[in-house]
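Predicted model, so just to flag it, every value in this text is computed and none were measured. All residue numbers refer to positions in the sequence shown, counting from 1. Order of appearance sets the numbers: ligands from 1, and atoms from 1 within every ligand.
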Amino acid sequence: MRSIASRMSVMSGEGALSVFARAKELERLGRSIIHLELGEPDFHPGPSVVESVAKALADGKDRYCAVAGVPALREEIATYLQRTRSIGVSADNIVIAPGCKAALFFAMMALLEPGDEVLYPDPGFPGYPSITLGLGAVPVPFELSPRHHFQPDLAEIASRITRRTRMLITNSPGNPTGTVYMDEVQRGLAELAVKHDLWVLSDEIYARIIYGGEYLSMLRYAGMKQRTLIIDGFSKSFAMTGWRLGYTVAPPEVAAALALLAINSYTCVAEFTQYAAIDALRDREGNTPRMVSEFARRRAQFVHDLNQVPGFHCEPPAGAFYAWVDIRGTGASAEEVSRILLEDAGVAAIAGGAFGPSGEHFVRFSFASSVENLREAVARIMKVSTAWQRTLEEK
Ligand SMILES: Cc1ncc(COP(=O)(O)O)c(C=O)c1O
């Protein structure tokens, strides 16, 4: 009988994409929607990056190219990581992928056996448990709780490690909470990884988007170099979501496995985008710091405004561009709140359950949108908040 492979039934989609689809449908019906559902900067790469992609094409850089990525880009990434993250790696440690998601997928495919257990943050990026399940491995969530300011709880993680645990996924700054893991927490995670001989998959896609302080990569801790894979890319820090450019930093034997997976799947990433990415990394126009200071301004305003909404509570995130709002005070469920927001207020946001069971009482708003949009969004939310205020009064 013809059938779809069973692994497909255990993988899941993404809440953000389904809210986006419904929001688009409402727009087609003539409704005005403020899109705060997708994790996409409302910026574009600077003119020099756009010029370099055009130049690369004019120079004929549109061929099959090196499987692991063009050497000039991999060297530039090594220089960039040294400059921005104080970590010493070489081009041989780096494999370019078509986006961070693909990088995550292949890294997990290279390292996990069926039945292996994978520790991952809950709430967290939905791909972590989905890919784990798709590979026949077992996702084991650790909670990012408001009680611990959404920091990983070392005691909880230690208690979940078994003989089958193979990998620990970290994501700092994290989606959806915006948590930047504290130094002592990361040191504790590194110690656990060494003690139990785990791989660490450190998703550092938001590393450049932090609101103060120095970014500490997982690779900086003792014993990490031989067991850590960094996932990063151009989607968030360089506002290049549609370019589909990401990379993995890995020990050489893992980088070789990732190159083999590239040969067996995407062959190589588009050559001209890789040349333009070199310009993005050099960032002579200062695009990334400019974007981040604009995000900081929006964060201050938006978080302040959201906290005026009856029943909403939001701590300012230390990184990324999401407001993670505790909606318990509304007396309604997060699904109900986000449904009212979209259908009645025309504000698209995501019910936190899309990021795991611990997101149940939260709604995620992206503040990668203009100040005017964010102000208008809160004004609209204020208007519909009477819906849950009434329910509360009736209770
Ligand atoms: C934590 C995290 N990892 C990975 C990704 C995927 O990034 P890319 O667009 O480069 O595939 C995202 C995108 O939202 C993310 O939030």
Checklist entry - Is it true that the side chains of Arg208 and Tyr80 contain a donor and an acceptor less than 3.5 Å apart? => result yes
Tell me which donor-acceptor pairs under 3.5 Å the side chains of residues 86-96 have, and how far apart each pair is, sequence neighbours excluded?
from, atom 1, to, atom 2, distance (Å)
Ser90, OG, Asp92, N, 3.2
Asn93, OD1, Ser90, N, 2.9
Asn93, ND2, Ala250, O, 3.0

Checklist entry - With Pro129, which residues qualify under side-chain contact (heavy atoms from CB on, under 4.5 Å), at least two apart? => result Tyr120, Pro139
Next on the checklist: Heavy-atom contacts with ligand 1 below 4.0 Å: which residues, ordered by chain and residue number?
Outcome noted: Gly99, Cys100, Lys101, Phe125, Tyr128, Asn171, Asn175, Asp203, Ile205, Tyr206, Ser235, Lys236, Arg244
Checklist entry - Is it true that Arg380 and Glu376 have a side-chain N and a carboxylate O under 4.0 angstrom from each other? => result yes
Checklist entry - Phe362 and ring pair (Phe, Tyr, Trp, His ring centres under 6.0 Å): which partner among Tyr322, Phe312, Phe355, Trp324? => result Trp324
Checklist entry - What salt bridge (charged side-chain N to carboxylate O under 4.0 Å, His left out) pairs are there with at least one residue in residues 67-77, not counting sequence neighbours? => result Glu76-Arg282
